[in-house]
Each structure stands twice: as C-alpha cells, then as structure tokens.
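Here the structure comes first, spelled out in structure tokens, and everything after it is commentary.
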2 protein chains.
Amino acid sequence: MTEKDIFVDYLKQQGLKFTKQREEILNFFLKEEKHLSPEEMFDILRKKRLPLKIGRATVYRTLKLLSECGLAEKVDFGDGLNRKVITLFEHKFAHPHHDHLICLSCGKSFEFSNPEIEKLQENVARGHQFKVAYHRLKIYGYCKKCQSTKK
Amino acid sequence: MTEKDIFVDYLKQQGLKFTKQREEILNFFLKEEKHLSPEEMFDILRKKRLPLKIGRATVYRTLKLLSECGLAEKVDFGDGLNRKVITLFEHKFAHPHHDHLICLSCGKSFEFSNPEIEKLQENVARGHQFKVAYHRLKIYGYCKKCQSTKK
DNA sequence: ATTGATATTGAGATTTAATCTCAATAATAA
DNA sequence: TTATTATTGAGATTAAATCTCAATATCAAT
Ligand SMILES: [Mn+2]
Ligand SMILES: [Mn+2]
Ligand SMILES: [Zn+2]
Ligand SMILES: [Zn+2]
C-alpha cells in the first residue's frame with residue numbers, strides 16, 4: 001500500500017478524480033523531505049515549467065486532500081504573537097506523531113515526542129469530560145546554535 | 001500596584017504617553033471577563049459612541065502594549081486546520097499560566113494547568129539544549145455539552 | 001499657562017495567506 | 001464515443017492585521 005495507492009483509493013472512495021495535477025503535487029510533496037509551505041510549493045512547481053500548468057488554488061486544494069487521506073498534516077509554525085502565519089505541511093504517512101520546539105531566532109523547528117506528556121494530556125481531557133481529536137504542543141525559544149551565536 | 005499603575009509605569013519607562021484612548025481601552029479590557037478579539041473590542045468601543053473616537057489601529061496598538069507590559073496575553077484559538085484565525089486576548093495580571101482545551105463544535109475553550117506536563121516540557125527542552133521562552137499547548141476536540149448534543 | 005519637541009491618532013490604503021468564482025477543460029464510466 | 005460530473009487556473013475576493021501620514025494630543029520645561 002503505497003502513498004499513491006492511498007491517495008488514489010481515497011479519491012475513488014470520495015467520487016473524485018485522479019488528475020495529472022494531483023499526481024504531480026503528490027509526487028512533489030513526497031519527494032521533498034523538509035517542510036514546505038503551500039506558497040513555496042506553488043512557486044517551485046511553477047518554476048519547473050512543466051508541460052503541465054498548476055495553479056495556486058490547485059496546490060491548496062490538493063494539500064487539503066492529502067491531509068484528509070492521512071498523507072499530510074498541516075502545522076502552523078508562526079510564533080502566535082506576530083501577524084505572520086507560517087503554514088507548513090508535514091509528511092504523516094509512516095511518520096509517527098510528534099510536537100515541535102520552534103526557534104524564535106532562526107525559525108528552525110525540532111521534533112520531539114514524549115509519551116508521558118501525551119498520557120497526561122489524556123488525563124487532563126478526561127478530567128474535563130472532553131473528547132480529544134488532536135493536539136498541538138509548541139515550545140518556542142532559542143535553539144542551541146542561536147544561543148551560542150549570541151545575538 | 002494596580003493594573004493601571006503597571007501600564008502607566010510601562011509607558012513612562014518607554015517614553016510613551018498615557019492617552020485618553022489608551023486609558024479607555026485598558027479599562028474596557030480589564031472590565032471584560034471573557035476573552036475578546038481585537039475586532040470585537042473595536043466594534044464595541046465604537047458602538048459606545050463616546051465623546052472619544054477610537055480607531056482600529058489604536059485598539060491593536062494598545063493591545064500590543066498591554067501584552068508587552070504583562071497585562072494581556074495574545075492567544076490564537078483557531079483550530080490550526082482551517083483558514084480562520086481567532087485571536088483573543090486574555091488577562092495575564094494575577095492570572096496564572098494555563099493552557100486550553102478547545103471545542104471544535106461550539107468554539108468554547110476550557111482552561112487547565114498541569115505542572116507535571118510543564119515539568120516534562122522543560123526536560124524535553126533541556127534534552128535539545130533549547131532555551132524556552134514560552135509554550136502553547138492546545139487540545140482540540142469536543143466538550144461535554146457538544147458530545148451529548150449528538151449532532 | 002505657554003511653549004515646543006515628540007508621541008499619538010484615525011481614516012483609509014495595504015499586506016498576505018487563503019479561498020472563492022466560473023467558464024473552459026479533463027476524467028471517468030457507460 | 002458520449003454524457004456526466006469533477007477539475008482547473010486566472011483573477012477576484014476575503015479578512016485580520018498592519019502601515020501611512022497629516023493633523024492632533026501629551027507632557028516636561030519654562
Ligand atoms: Mn515536524
Ligand atoms: Mn484562557
Ligand atoms: Zn535557532
Ligand atoms: Zn463544545
């Protein structure tokens with residue numbers, strides 16, 4: 001069951017079509033290891049000057065589909081204090097859940113997963129009789145490199 | 001040391017001025033117990049038809065000042081998946097740190113604080129030699145009421 | 001109270017990521 | 001091949017937040 005199978009099956013199941021554009025975007029997303037924003041993906045796909053032309057709306061629409069079928073996950077890496085929203089899409093297929101440390105200086109993010117924290121979150125939710133769908137834990141600060149490069 | 005003192009002192013220390021508008025916005029913010037968005041605050045302050053006219057930019061600028069001096073805290077209650085950004089300002093003065101459970105159905109939020117989670121976060125950061133500035137833990141799902149009102 | 005240097009203000013323009021519109025086109029199944 | 005229906009991209013639109021700038025208010029020093 002490859003990522004492509006998952007996508008194709010999802011589309012079929014939803015009565016949607018597997019188009020050239022969707023295939024191109026899927027392949028590009030899978031190939032890229034680092035997190036990319038929709039705008040970056042759009043720019044790069046445009047620069048490629050493929051025989052196929054891909055519009056901004058199609059990039060956004062396809063990333064939404066990839067999220068719906070479990071291949072991608074949208075994450076906002078903005079600091080929550082300034083206007084800037086930094087939306088990136090991560091690989092989700094065969095990539096276990098994790099949260100992020102986000103450097104306020106260089107913008108880099110670092111992944112971590114901590115089962116104890118996850119368990120405590122469940123407890124908190126249970127205490128509020130709250131049914132959890134998902135969560136986001138973001139720790140903002142300064143990465144090792146940005147601390148040494150003192151300002 | 002009242003909230004007003006804190007604000008006035010902060011302004012003075014920064015070489016800024018304590019204006020009618022800033023005082024009006026401070027009072028309104030302090031009076032309101034529930035979280036409000038800047039746009040809501042702007043609308044309400046406008047409807048008041050005070051002798052004093054307050055512009056949108058001044059509301060945003062003043063909320064930023066209130067955040068800088070520790071009286072307010074900006075929090076994004078959007079679900080991180082849809083476009084909508086829901087920026088609210090919480091009281092921070094004499095309100096201990098907490099995180100939120102956010103209902104995807106009714107939009108209500110529920111506060112919690114869990115020292116164990118906080119401690120584990122410190123451990124995670126230390127493990128990455130990461131210097132923490134602040135964090136945001138948001139647990140999305142369905143509140144008790146919205147579970148019973150079974151859609 | 002007056003002055004003067006400087007910060008502040010609000011109207012409206014601008015920014016920006018994301019979404020929407022819609023007529024032309026492509027994908028699928030019969 | 002054909003009919004049905006989904007998809008597409010250009011460009012318009014949205015909406016929160018910020019920016020611009022000329023007019024005005026603040027406030028410390030007289
Ligand atoms: Mn990640
Ligand atoms: Mn709160
Ligand atoms: Zn860094
Ligand atoms: Zn609810």
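Throughout, protein chains are lettered first and strands after them, A, B, ... in sequence-line order, and every chain is numbered starting at 1. From a predicted model like this one, the values you see are computed outputs, not experimental measurements.
For B:Ile25 and C:dT8, the CD1 to P distance is 13 Å, given to the nearest whole Å. Rounded to an integer number of Å, the gap from CD of B:Gln14 to P of C:dT8 is 10 Å. B:Arg56 has its CZ atom 18 Å from the P atom of D:dT20, to the nearest Å. Spacing between atom CG of A:Leu63 and atom C1' of C:dA18 amounts to 12 Å, rounded to whole angstrom units. Look at CD on A:Glu24: it is 13 Å from P on C:dA27, rounded to the nearest Å. When the C1' atom of D:dA17 is taken as reference, atom CZ of B:Phe89 falls 10 Å away, rounded to whole Å. In this structure, B:Ile54 places its CD1 atom 14 Å from P of D:dA25, rounding to the nearest Å. Rounded to a whole Å, the CD atom of B:Glu23 is 16 Å from the P atom of D:dA25.
Taking the charged nitrogens against the carboxylate oxygens, B:Arg136 and B:Glu73 do have a contact shorter than 4.0 Å, which makes a salt bridge. Electrostatic pairing of A:Lys92 and A:Glu3 does not count as a salt bridge here, judged by no charged N lying under 4.0 Å from a carboxylate O. Between B:Arg56 and B:Glu39 there is a salt bridge, with a side-chain nitrogen of the basic residue lying less than 4.0 Å from a carboxylate oxygen of the acidic one.
Listed pair A:Lys84 / D:dT18 fails the phosphate criterion, with no side-chain N or O lying under 4.0 Å from OP1 or OP2. Taking only side-chain nitrogens and oxygens, B:Arg46 comes nearer than 4.0 Å to OP1 or OP2 of C:dA11.
Nearest-nucleotide assignment on DNA chain C puts the 5′-proximal partner with B:Thr62, out of B:Asn82 and B:Thr62.
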Do any N or O atoms of the protein come closer than 3.5 Å to N or O atoms of nucleotides 14-16 of chain D, and which pairs are they?
residue: D:dT14; atom: O2; partner: B:Arg83; partner atom: NH1; Å: 2.9

Got a list of protein N/O to nucleotides 5-7 of chain D N/O distances below 3.5 Å?
residue: D:dT5; atom: O2; partner: A:Lys17; partner atom: NZ; Å: 2.6
residue: D:dA6; atom: O4'; partner: A:Lys17; partner atom: NZ; Å: 3.0
residue: D:dT7; atom: OP1; partner: A:Lys17; partner atom: N; Å: 3.1
residue: D:dT7; atom: OP1; partner: A:Arg22; partner atom: NH1; Å: 2.3
residue: D:dT7; atom: OP1; partner: A:Arg22; partner atom: NH2; Å: 3.0

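The neighbour count for A:Lys131 NZ, taken as heavy atoms of other residues, nucleotides or ligands under 6.0 Å away, does not exceed 12.
A:Phe77 and A:His35 have parallel rings, their planes meeting at less than 30° on a 0 to 90° scale where 60° marks the start of perpendicular. The aromatic rings of B:Tyr140 and A:Tyr134 lie parallel to each other, with less than 30° between the two planes, well short of the 60° mark.
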Step by step, work out the side-chain hydrogen bond (donor to acceptor under 3.5 Å, both in side chains) result for A:Glu118 and A:His97.
CA-CA 10 Å; A:Glu118 306 275 328; A:His97 167 74; 3.1 Å; yes
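Among the atoms of the strands shown, only primed sugar atoms or phosphate atoms (P, OP1, OP2) are found under 4.0 Å from some heavy atom of B:Lys20.
In this structure, a donor-acceptor pair under 3.5 Å is present between the side chains of A:Gln121 and A:His135.
B:Ile25 CD1 to B:Arg61 CZ: the interatomic distance, rounded to the nearest 0.5 Å, is 9.5 Å.
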